[in-house]
Structure formats: C-alpha cells, structure tokens
Amino acid sequence: MTAPDFATARRPGSLNRKPTSPRTLFASAMTVLSIFFTLLALIPLVAVLAYVLANGLSRLDVAAFTQLPPAPGLGGGGFGNALLGTLLTVAIAAVISIPFGVVAAIYLSEFGRDTRLADWVNFFTNVLSGVPSIVIGAFAYAVVVLTTGTFSAVAGGVALAILMLPTIVRTAAEALESVPNDFRQASIGLGATRLQTTLKIVFPAAVPAILTGIMLAIARAAGETAPVLFTASFSQYWNTTIWQPTATLSRLVFSFATAPYPGQQELAWTASLVLVALVLVTSILARLVTQRRHK
Amino acid sequence: MTSRLQSARQTDSIFRTEDLNIYYGNFLAVRDLSIDIAKNSITAFIGPSGCGKSTVLRCFNRLNDLIKSFHIEGKIYYHDQDLYASEVDPVEVRRQVGMVFQKPNPFPKSIYDNIAFGPRLLGYKGDMDELVEQSLKQAALWDDVKDKLKAFGTDLSGGQQQRLCIARAVAVQPDVILMDEPCSALDPISTLKVEDLLQELKEKYTILIVTHNMQQASRASDYTAFFNVEANSKGQRTGYVVEYERTEAIFQSPKQQATQEYVSGRFG
C-alpha cells in the first residue's frame, strides 16, 4: 500500500465559524432560551431565601436561641425549646431509622438480591416513600400517643423515623450495590464468608455514600411539620423528659406565623430562617462527605 | 475428534476431573473434561474466547457457586477429596485454592491491610509485619512499596496492583493459585515480571493460569490444555479440551489439526 496522494486528495472547504448561518443562529437562540428558563426556575428558591432572610434577620439574636417563647402579645423571648425539640425528635428518629434502614439495605443488596422477599421489600419501601406525611403522623398518633397517653418527643421521633426509613434504605442499598463486584470476588476468593465480605469490604467501601443518604434523610425530617403536628405536638416550656409534649421549629412556625401578635410573627420568621439554615448545613455536609471519597 | 482425552502423564496430581460437564441452567458450557493437574507445576489453559477456560478455572475454587444457575455433572477431585461433595465447605476450599483475577482488584485499603486481610480472616497469630514483608517479597513487590505500606493499594500502577493481588493470594499460604488472565491488563514489562514470578512461585504452589497470550503459555507453563468451542444445532456454544500435553508438545508437535492451527496463529 502506498501513502495517499495529498495533492489530489479532496480539499476541505473553509473551516471558519459563520455567525450568520441559520444553524448557528438557531443554536444561539436556543441557548439563550434555556438560560432564561433556568433562571426562571431559580426564582422561587431565591425569593423564598430572600424573604426568609429579610424577615428573619431582625430577631436573629442570642435570646431567640436561648429563651422560651413569649406570652401572647408580648415581644422578646425566643424558640430555644423548639430548637432543642427539633434536635431531640430528629435524634430519636435517627436512632430508630438508621440501624433498621442500613441493615435492610444490606439484606437487599448483599444477601437477598434477586429473591422474592427483596422484591417485596423494595416495593413496600417505594410505597412507604409515597405515603403522605400527615398519614404517617396519624399512624404514630394512634400507635404511640394513644397507647402512652401523651404527646411526646418519642412519638414525633417515631413518625419522623418512618418518614426517613425509605430514603435511608434506598440510598444505602444503592451505595452498597455500587461497590464493584471485583471486591466481593477478591474477598470470597481469599476464603472470606459472605458476612465477612459484607462487613469488612463492601460496607466500609459504601460508608461515605450511606452517610450522604442519612444526612439527606435527616435534613428532610428536620423540616417536616405534618408528622410532628399531633405526635410531638407543642409546648411553651423546656423539655425535662422525652415523654412530654415537645416543641419543634416547624410546628412553632406553623403556630406563630398565623398568630395575631407581631412578636410571635417575627419569631416565626427567625425560626424559619434557622430551620432553612439547619437543612442547608446538613445538605452541604452530606455533599462534603461524598466529595471526600473522590479525593 | 476424541472427546475422552488422555491425561498428561504425571506422578502427583492436585486436581483430577472425571467426565466433567459444566452447566449454567440448561446451557452446557463445557463438556467431557477429564484432566489431571500436576503438583508444583504451571498449567496453562489456552483457546479462543468463550471456550470455557475461565469457567473451568473457577470450578477449582468453587467460585462459580456464586452464580445461581451453575451446576456440574461428573467429579472434581482435589487431593482425592470430592470437591463438590455436600459436606465440603466452599469457604474452606477457597482458603486452600487462591485466586488472582483478570483485572487487578486490590481492596480500597492500605497495601499492608490488603495483604493482612486474608491472614486476619484465618486468625493468623504470628508476626503480621513479617508475613506482609514475606508475601510482598514473594510477589517481587517489596522493593517497590516497602516505604509506603500505608499508601492505598488502589494508588499503585496496574502491574504493581496485580503483583499486590498475587502477594495477597500468597499471604494465606494456599496450596494452589488460580490465575485468570492475570496479565491481560498489564504492559509487556509488568507481564514479564509476573511471568518470572510464576517460576519462583511454582516451587511452593501449584499454578493454573488462563491466558490468551500464546507466547506466555509457551514461555511460562509446564503443561498446556488447548480448549476449543463448538456450536450445537441450537447455536449454544460448548467448550471442550482438544489437547492436553506438556507445553513443548502442544507448541512443537501437536497431535490435533486444530491445536496446530491455533498455536501457529492461523485460527482463533
């Protein structure tokens, strides 16, 4: 074979960009359009943040975090008990849902893969994630509040745990499934049992992604109102036990935003701001955990 | 074409298969396999893609058990124990019969922990530092990594990763090491290093190696089994051994036409 004869080879036309050609014009127009709609979609988010920030900043003082809500009609005071209550109920929810969720995910991904039971668990997890949160609240009310005879942080925690469970199961199962099969084979090939392979190789490799899922579930639960509405209920006072009505930030916003007193309304805005900040920080932390894995 | 094959004459065999048929569900993947594997030797499996070399290899440490539809007919003996007898624990088998995979697959852990993983599983009580050093030396990797045992195994080069996997397999002091195309992802220099390594390892271990590289089989192995594949009327492709002999015989005076054509590169 001889080299191609370049002198007689086909000469290409000009390679320069032609800004006025119909194709280039169309592409530019579509780019502008897509940028416009993207900005449009961002407006609600920016508006909410700006509104919450503008209204909430005026009462963002130390007292807001450390004091109890003021009596109706009075100014001052804070939502210290509600902040603590949110942390408390979410902590209870996490303690319940994380072990259940992660162990279920390990079953789905490592031991039950392709079994009937796993298919059913997957199906019901999906159903559960679609159940309206008010229904979950009603369930926790019936199961915990009515049997124990009191609204409580535990009842709120149970409701939030049920809410968090599908998210944790699904993200953890995905995290485990994305661990390369090469690792499992290598471990089994060295004479490890499936349990040893799961606990010592697969699970550690999936931990960052599992943590991300847990953080996102926590962030969502912290902001939910409906499940705590009639489970944790509300309180004007500090918690002394987990078996008493407990204030939460979301519930406080619900009550105070519609109260006819300016002092309460201001606090509701500040509480909203703190709640948004809490959710935002948790989500950012979740991101950071995932990124560190890729280093 | 003979389906029943004469085994290469050996005195001391580690594995012996008798009329082995390997199935995935109803699909017959490999048929009529009757071979002996000699102790302290290197046995190479060569043949075109899809002829069942890896499938056969993975029968010897029962790694195929992970595939649900897999089952066999016939027998595989390991030191005269029926490897697929119901009382045999596959986990025990894999502790005796180690494996190195096609793609280097170190764990996302430190070099040290990669080596120590297997011995720890077995409850190794001796000096772990020494075992790690020994294993890395046996895999000719010690000089490359002795100053960075805490570094991640996954940060090594491909060739080093594969030697790390060999060191990891050696660390549990197995009887046999199975290698499934261990050099296919490596450059020629790393490949030569691994081949040199095989010669040293066979002093202590029995090695079975699947390879697509015929020069590698002829350079590095003592015995060679040539596999081929045949489609039945339904289009299912079943592998079988055409010829199993000492490596020189396979490459210099093959008895079968197909072997002759394959080793001379005219087919496959």
Side-chain angles (χ1 to χ4, degrees), chain A residues 102 105-122 171-213 288-295, chain B residues 54 57-58 60-69 89-109 113-124 152-155 161-162 164-180 185:
Chain A
V102 171
I106 287 177
Y107 175 76
L108 288 181
S109 149
E110 302 302 314
F111 295 94
R113 218 186 264 196
D114 303 325
T115 61
R116 261 274 170 74
L117 181 59
D119 287 345
W120 281 110
V121 173
N122 260 325
T171 52
E174 267 168 29
L176 291 164
E177 276 161 20
S178 70
V179 173
N181 246 333
D182 295 345
F183 295 159
R184 293 184 183 85
Q185 295 210 341
S187 171
I188 300 243
L190 282 168
T193 62
R194 281 177 84 182
L195 184 64
Q196 286 168 328
T197 301
T198 301
L199 294 183
K200 294 182 178 178
I201 300 294
V202 180
F203 184 71
V207 158
I210 293 176
L211 279 181
T212 304
L288 288 181
V289 170
T290 330
Q291 276 172 0
R292 224 183 40 194
R293 179 177 48 156
H294 295 303
K295 258 197 202 160
Chain B
S54 297
L57 193 74
R58 282 159 185 248
F60 290 123
N61 69 343
R62 295 196 55 170
L63 205 65
N64 283 330
D65 289 22
L66 301 182
I67 300 164
K68 275 198 187 110
S69 61
D89 181 357
V91 171
E92 282 305 322
V93 173
R94 294 173 200 135
R95 289 175 178 181
Q96 303 285 322
V97 185
M99 178 130 189
V100 175
F101 296 82
Q102 179 171 7
K103 197 175 134 208
N105 55 359
F107 298 127
K109 295 171 178 285
D113 288 338
N114 260 282
I115 309 284
F117 178 77
R120 279 179 189 147
L121 286 179
L122 301 177
Y124 179 72
F152 260 53
T154 35
D155 289 342
Q161 286 190 21
Q162 195 59 301
L164 177 62
C165 293
I166 293 172
R168 186 176 65 186
V170 164
V172 294
Q173 296 169 344
D175 191 21
V176 185
I177 301 177
L178 309 177
M179 297 187 167
D180 190 355

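Chain identifiers are assigned alphabetically (A, B, ...) following the order of the sequence lines, protein sequences preceding nucleic acid strands; residue numbering begins at 1 within each chain.
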Engineer: Hey, is the main chain of B:Asn105 close enough, under 3.5 Å, to the side chain of A:Asp182 for a donor-acceptor pair?
Structural biologist: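 Absent.
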
Engineer: In terms of heavy-atom pairs under 4.5 Å, which option from B:Arg94, B:Lys109, B:Lys68, B:Glu92 contacts chain A the most?
Structural biologist: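 The answer is B:Arg94.
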
Engineer: What part of B:Val97 lies closer than 4.5 angstrom to a heavy atom of chain A: side chain, backbone, both or neither?
Structural biologist: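 The answer is the backbone of B:Val97.
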
Engineer: Under a 3.5 Å distance rule, please check whether B:Gln162 uses its side chain to pair with a backbone N or O of B:Phe101 as donor and acceptor.
Structural biologist: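 Looks like yes, one N/O pair under 3.5 Å.
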
Engineer: Non-hydrogen atoms of chain A under 4.5 Å away: do they reach the side chain of B:Pro174, the backbone, both or neither?
Structural biologist: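 No part of B:Pro174 comes within 4.5 Å of chain A.
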
Engineer: Hey, is the main chain of A:Glu110 close enough, under 3.5 Å, to the side chain of A:Arg194 for a donor-acceptor pair?
Structural biologist: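 Flag set: sc A:Arg194 to bb A:Glu110 pair under 3.5 Å.
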
Engineer: For the residue pair B:Leu121 and B:Arg95, what are the closest heavy atoms and their distance?
Structural biologist: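 Closest pair (atom of B:Leu121, atom of B:Arg95, distance): O-NH2, 4.3 Å.
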
Engineer: So for B:Arg58, is it side chain, backbone, both, or neither that comes closer than 4.5 Å to the heavy atoms of chain A?
Structural biologist: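 Only the side chain of B:Arg58 comes within 4.5 Å of chain A.
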
Engineer: Give me the atom names and distance for the closest heavy-atom approach of B:Asn61 to B:Val93.
Structural biologist: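 Scanning both residues completely, I find the closest heavy atoms to be CA-CG1, 3.8 Å.
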
Engineer: Please flag which part of B:Leu66 lies under 4.5 Å from any non-hydrogen atom of chain A: side chain, backbone, both or neither.
Structural biologist: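 Contact with chain A is through the side chain of B:Leu66 alone.
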
